[in-house]
Amino acid sequence: MDYQFKTIEKKWQQFWASNQTFKVNNTSDKPKYYVLDMFPYPSGAGLHVGHPLGYIASDVFSRYKRLRGFNVLHPMGYDSFGLPAEQYAIQTGQHPAITTETNIRRYREQLDNIGFSFDWSREIRTSDPLYYKWTQWIFMQLFNSFYNIASDKAESIDRLIDIFENEGSKGVKAVGDEDALEFTADEWNRFSEQQKESELLKYRLAYLRESAVNWCPALGTVLANDEVKDGVSERGGYPVIQKKMMQWSMRITAYAERLLQGLDTIDWPEPLVEMQRNWIGKSVGASVKFALANQPSESIEVFTTRVDTIYGVSFLVLAPEHELVSFITTNEQRAAVDSYIEQTKKKSERDRMADTKTVTGVFTGGYALHPLTGKQVPIWIADYVLAGYGTGAVMAVPSGDQRDYLFAKQFNLPIIKILDIQEIDKEADNRKEGLYINSEFINGLSYEEAVSKLIAVLEERGVGKAKINYRMRDAIFGRQRYWGEPVPVYFKDGLPKLVQASELPLLLPEVDKYLPTESGEPPLGRATDWKYQGVYEYELSTMPGWAGSSWYWYRYMDAHNEEAFASKEAVNYWQAVDLYIGGSEHATGHLLYSRFWNKFLKDIGKVNEEEPFKKLINQGMIQGRSNFVYRLLDEEGGGTNTFVSFGLKDQYKTIALHVDVNIVNNDVLSLDKFKQSRPEYAQAEFILEDDKYVCGHEVEKMSKSKFNVVNPDDIIEQYGADTLRMYEMFLGPLEQSKPWNTNGIEGVHKFLRKFWRLFHHANTDFSISNDAPTKAELKSLHKIIRKVEDDIERFSFNTSVSSFMICVNELTDLKCNKRDILQDLVIVLSPYAPHICEELWTLLGNEAGSLSYASYPAFNPAYLVEDEFEYPISFNGKMRTKVKLSLSLEGKEIEEAVLTNEDVQRYLDGSTPKKVIVVKGKIVNIVI
RNA sequence: GCCUAGGUGGUGGAACUGGUAGACACGCAGGACUUAAAAUCCUGUUCGCCUUAAAGCGAGUGCGGGUUCGAUUCCCGCCCUAGGUACCA
């Protein structure tokens with residue numbers, strides 16, 4: 001019989017499902033192993049060929065671990081809250097829950113087609129009320145907790161209240177807002193409920209704070225950075241400005257040091273660890289207060305890592321959003337300052353950071369007093385200073401900082417040399433060498449001496465202190481959206497209160513439209529009769545996408561528990577994730593938030609592990625090839641409904657927008673399909689070239705928002721799941737990103753057919769021999785046993801596939817059909833190509849389904865020993881020859897080998913080599 | 001801009017710790033089998049030069065330098081691409 005992949009794959013997928021082959025118990029004699037994938041967002045575009053890359057790798061690993069005798073937890077679920085379903089709802093009116101359900105069904109079908117060994121009885125969905133009940137529950141614990149610096153962990157807010165009541169604010173060292181008050185116990189006890197609550201909010205791990213957002217006045221909504229392109233909204237092309245808004249935040253900064261320390265304890269790729277380290281951005285320095293010249297009771301606090309350069313300060317720069325800007329600005333400068341602030345509002349934070357070439361800024365007219373010299377220092381504002389980093393103000397030292405240097409040159413501000421070795425004619429000199437000059441009491445000191453002396457003096461005078469600053473900011477937790485977890489909070493007398501735990505889940509209410517209200521409130525403001533106890537306003541924002549994904553791996557341990565997010569027993573059994581596979585694009589988002597929530601859950605005694613993911617592998621992204629259309633802009637820079645073809649776009653002012661690759665063929669856009677794709681495009685007009693609309697293209701992340709998704713079902717239809725699985729592994733190193741292409745899939749498919757033919761005599765009947773294997777056959781088998789073992793342990797799946805091809809070619813050449821060889825080969829290949837292997841396994845006379853728990857064959861090095869081995873050496877890097885050596889691959893040291901200098905000399909016509917270079921026991925070069 | 005990674009034939013990639021660069025595939029070219037097609041098998045395939053052939057010579061791992069007997073691998077400086085950059089997930 002021929003290799004009928006369709007029949008075989010359907011058969012075994014049904015068998016696995018109906019026999020629940022991969023259902024796993026929370027008790028077992030075997031050691032446990034938890035393999036987790038980053039669960040997908042069920043996008044309307046369906047599962048794309050990029051998702052399975054990681055899933056196949058984790059499936060190969062899971063199946064391998066089962067063969068190695070582990071009780072493997074390998075679950076799957078859906079991160080099903082998110083923006084795209086909501087945008088679809090806005091366009092069509094269809095409830096996101098329906099869209100999501102449809103998408104999940106499609107994902108499940110697609111996943112099933114690939115033949116994964118997931119335990120589907122543990123499936124989870126973050127948008128399921130039975131799931132988000134526990135996301136809300138965790139939020140409540142965070143709201144009810146503060147971070148106690150003394151015990152270095154989160155503790156109940158009741159304990160903080162206790163301390164305040166008995167000892168006042170001095171009794172506790174806790175992580176809190178900058179503007180937290182100081183008070184005695186008596187003062188606290190005299191506070192009104194209102195005052196107490198608002199003070200406690202400054203310590204809660206989930207708290208309200210004002211923060212900046214992208215506001216689109218025309219759409220009346222907040223936009224993600226992704227939805228803003230070149231200062232206008234991607235949808236509609238309306239202007240976007242920065243606006244401040246009261247929002248829920250998470251005090252992740254309280255965990256900064258633990259998040260940093262924990263990185264040393266986990267087995268993650270070093271680049272990823274480095275990214276998190278840099279994101280946390282610990283810097284050791286000092287904070288210094290500069291009093292205002294005309295109002296010495298007010299001061300501007302700056303953070304600096306180079307307090308030693310303080311005598312080089314020639315001006316201060318504030319972020320345009322800094323709260324004191326308006327107060328400082330003089331009447332003469334007010335117009336200029338206001339107009340600069342207006343300009344800044346139009347820029348996104350990223351644009352502000354990216355632009356280092358143009359130097360802009362405005363003098364406020366105000367002065368501060370240098371804390372040591374008392375001299376007047378002018379105060380400027382500039383958009384390169386960000387309100388969210390440090391204190392939103394910097395002391396500018398042009399001689400030591402290039403950015404300050406350029407600023408000083410541009411605006412003719414003094415540049416003060418502070419170290420004797422500094423060379424500052426052309427640029428700033430940030431060296432910490434030499435001795436200080438122009439610096440009063442630190443003159444003549446070295447860097448280390450200066451820093452400690454300065455800090456001592458600043459502290460003594462109460463104008464500064466040593467400080468550790470983290471670049472990481474608290475995470476904004478509110479979203480002005482519909483399709484997310486409702487925040488289980490209502491407002492009484494303007495203060496946030498939690499709903500009762502017994503009232504969870506707080507269900508997402510129905511709304512008539514998924515848009516903001518006319519008064520600019522989030523979509524939940526549209527819900528009618530949605531009041532706590534019929535009276536109090538609920539919080540109208542919902543949780544961000546990362547809420548549900550920050551703890552989900554615990555839910556898989558005990559997916560149907562109604563009493564807890566997971567039972568104590570389940571958590572104790574599975575502990576942490578042993579292997580987590582997912583993309584590095586989550587490096588500073590999901591992977592940081594998850595660590596944060598995990599540490600919090602540990603602090604409150606709900607889980608055991610400080611770190612949730614012991615080992616992590618980044619699967620590289622399979623990138624997509626995106627297509628673009630070019631929207632014509634009007635004079636004000638607003639979007640029109642006319643689109644310019646790629647070749648003509650440079651003649652107009654346009655903005656590039658992603659267009660679905662599925663309505664583009666060879667970069668030519670289908671105009672009809674484009675008009676149907678969105679209501680706003682129905683009347684679209686086009687400027688064509690050669691009667692065609694040609695799209696631009698780019699290689700980038702495959703994602704629903706970029707409309708460049710390719711479906712794995714098409715590949716499976718043509719070649720089968722086993723081919724897809726092996727091909728994705730064959731494409732290249734797991735960690736490496738690569739654009740999707742199907743060149744080369746034929747080779748993998750041919751391999752599987754060849755493999756099948758090893759068992760099928762004359763391409764028809766199943767026929768194998770019970771004869772004893774030959775030496776050559778055993779060698780071939782044991783090479784692959786060892787190779788696959790090695791490759792899987794170091795996640796080098798692509799080289800495995802090549803080795804399989806070599807192995808099968810060798811066995812084909814040997815006309816091998818020996819049971820002993822083939823049976824072991826089936827086991828070794830089965831993690832990669834499970835369907836064909838299950839089929840052959842049963843044909844070999846084994847019980848159906850038993851392959852998944854067979855034993856991985858033992859490697860025997862004896863089969864690889866060779867009597868004679870031809871070893872090439874090169875002379876002077878030019879002449880090459882081959883020398884016959886007696887040595888073995890395994891065991892014997894080369895020093896014992898027959899080759900000696902005398903032997904080598906024979907190949908050099910008697911000339912004596914000057915040098916023989918031996919590396920790892922091999923002669924690699926001979927210098928004559 | 002900043003952080004992280006990558007750049008090797010026509011293509012995907014291999015070379016694991018500095019030691020024969022191009023394994024294994026795809027594609028392409030030629031051939032076998034076939035009435036034909038599919039499937040399968042065989043040969044060749046980094047580029048250039050030279051040769052009837054066998055063989056040989058030179059260059060070559062993004063670019064420019066450096067270290068080394070020896071560099072895809074290590075160091076310095078560039079260029080390009082991708083991911084992240086805090087409301088995509």
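Below, each value reflects all heavy atoms present in this structure, side chains not excepted, and no hydrogens, waters or symmetry copies. Residue numbering restarts at 1 for every chain, and letters A, B, ... go by the order of the sequence lines.
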Q) Touch check for A:Ser803, heavy atoms < 4.0 angstrom, all strands: base, sugar-phosphate only, or nothing? A) nothing
**Q.** Gap in Å between the two C1' atoms, one belonging to B:U17 and one to B:U73, rounded
**A.** 10 Å
Q.
For a quick check of understanding: with a heavy-atom distance under 4.0 Å over all strands, which category does A:Asp790 fall into, base, sugar-phosphate or nothing?
A. nothing
Q. Which part of the nucleic acid, if any, lies within reach of A:Gly589 when heavy atoms closer than 4.0 Å are counted: base, sugar-phosphate only, or nothing?
A. nothing
Q: Considering just the side-chain nitrogens and oxygens of A:Lys750, establish if one lies under 4.0 Å of OP1 or OP2 belonging to B:C26.
A: yes
Q | A:Pro733 side chain, from C-beta outward: closest of B:A86, B:A14, B:C88 | A | B:A14
Q | Per A:Arg757 side chain, nearest of listed nucleotides B:C26, B:C41, B:A86 | A | B:C41
Q: Check the side chains of A:Gln87 and A:Tyr514 for a donor-acceptor pair under 3.5 angstrom, ignoring hydrogens and angles.
A: no
(Q) Counting the atoms with a prime plus P, OP1 and OP2 as sugar-phosphate, which does A:Arg403 contact under 4.0 Å by heavy atoms, base, sugar-phosphate, or nothing? (A) nothing
Q: Looking at every strand, decide which applies to A:Pro544 at a 4.0 Å heavy-atom threshold: base, sugar-phosphate, or nothing.
A: nothing
Q.
Can you tell me which nucleotide in B:C87, B:U85, B:C24 comes closest to the side chain of A:Gln480?
A. B:C87
Q | Donor/acceptor link under 3.5 angstrom from A:Arg481 side chain onto base of B:C87 | A | yes
Q) Aromatic rings A:Tyr719 and A:His749: how do their planes relate, parallel, tilted or perpendicular, breaks at 30° and 60°? A) perpendicular
(Q) Considering every strand and a 4.0 Å limit on heavy-atom distances, what is the contact class for A:Met353: base, sugar-phosphate, or nothing? (A) base
Q) Choosing from B:U40, B:A89, B:U85, which nucleotide comes nearest the side chain of A:Trp279? A) B:U85
**Q.** Nearest-angstrom distance, P atom, B:U35 to B:U51
**A.** 44 Å
(Q) From C-beta outward on A:Glu585, which listed nucleotide comes closest to its side chain: B:U85, B:C41, B:G84? (A) B:G84
Q) What is the nucleic acid contact for A:His586, judged by heavy atoms within less than 4.0 Å: base, sugar-phosphate only, or nothing? A) base
(Q) From NE2 of A:His48 over to P of B:A89, roughly how many Å is that when rounded to an integer? (A) 14 Å
(Q) Once you apply a heavy-atom cut-off of 4.0 Å, does A:Met472 come out as touching a base, just sugar-phosphate, or nothing? (A) base
Q. Which part of the nucleic acid does A:Ser737 contact within heavy-atom distance under 4.0 Å: base, sugar-phosphate only, or nothing?
A. nothing
Q: Have a look at A:Phe730 and say if it touches a base, only the backbone sugar-phosphate, or nothing, with a 4.0 Å heavy-atom cut-off.
A: base
Q.
Please pick, from B:C41, B:C87, B:A89, the nucleotide with the shortest atom-to-atom distance to any side-chain atom of A:Leu83.
A. B:A89
**Q.** Nucleotide nearest A:Asn225 (side chain, heavy atoms from C-beta), chosen from B:C87, B:A86, B:C24
**A.** B:A86
**Q.** Distance-only side-chain donor-acceptor flag, A:Asp474 / A:Tyr207, under 3.5 Å
**A.** yes
Q) Separation of A:Leu272 atom CG from B:A5 atom P, in whole Å? A) 10 Å
Q.
So A:Lys787, base contact, sugar-phosphate only, or nothing? Heavy-atom distance under 4.0 Å.
A. nothing
Q: Please give the nucleotide sitting opposite B:G77 as a Watson-Crick or G-U wobble pair, both distances under 3.5 Å, or none.
A: B:C63
Q: Would you sort out whether A:Gln242 and A:Asn214 count as a side chain to side chain contact (heavy atoms under 4.5 Å, CB included), showing the intermediate values?
A: CA-CA 5 Å; A:Gln242 300 292 304; A:Asn214 298 314; 2.7 Å; yes
Q) Are A:Glu270 and A:Arg277 close enough for a salt bridge, meaning some N to O gap below 4.0 Å? A) yes
(Q) Which is it for B:G64, anti or syn, if anything within 90° of zero counts as syn? (A) anti
Q | Closest to the A:Ala224 side chain, choosing from B:U85, B:G27, B:C87 | A | B:C87
Q | Under 3.5 Å on both distances, the Watson-Crick or G-U partner of B:C24 | A | B:G12
Q. A:Asp791 and A:Thr799: side-chain donor and acceptor closer than 3.5 Å?
A. yes
Q: May I ask you to evaluate whether A:Arg473 reaches the phosphate of B:A86, defined as a side-chain N or O under 4.0 Å from OP1 or OP2?
A: no
**Q.** Test item: side-chain donor near acceptor, A:Trp483 and A:Thr542, under 3.5 Å
**A.** no
Q: Using only side-chain N and O atoms of A:Asn278, determine if any of them is under 4.0 Å from OP1 or OP2 of B:U4.
A: yes
Q. In whole Å, what is the span from the NZ atom of A:Lys738 to the C1' atom of B:U81?
A. 16 Å
Q: Using distance alone, with no hydrogens and no angle criterion, decide if A:Ser249 and A:Gln247 have a side-chain donor and acceptor under 3.5 Å apart.
A: no
**Q.** d(CG, A:Asn618; P, B:A89) in whole Å
**A.** 20 Å
Q. Of all the choices, B:U40, B:G1, B:G83, which nucleotide is nearest to the side chain of A:Arg753 once you look at every atom?
A. B:U40
Q) How far, in whole Å, is B:G60 from B:A54 if one measures between their P atoms? A) 26 Å
Q | Among B:C87, B:A5, B:A86, the nucleotide that comes nearest once only the side chain of A:Gln247 is considered | A | B:C87
**Q.** Any A:Arg350 side-chain N or O less than 4.0 Å from OP1/OP2 of B:A86
**A.** yes
Q: Using only side-chain N and O atoms of A:Gln736, determine if any of them is under 4.0 Å from OP1 or OP2 of B:A5.
A: no
(Q) Output the rounded distance in Å from CD1 (A:Ile784) to C1' (B:A23). (A) 14 Å
Q. Would one find a side-chain N or O of A:Asn809 under 4.0 angstrom from OP1 or OP2 of B:A25?
A. yes
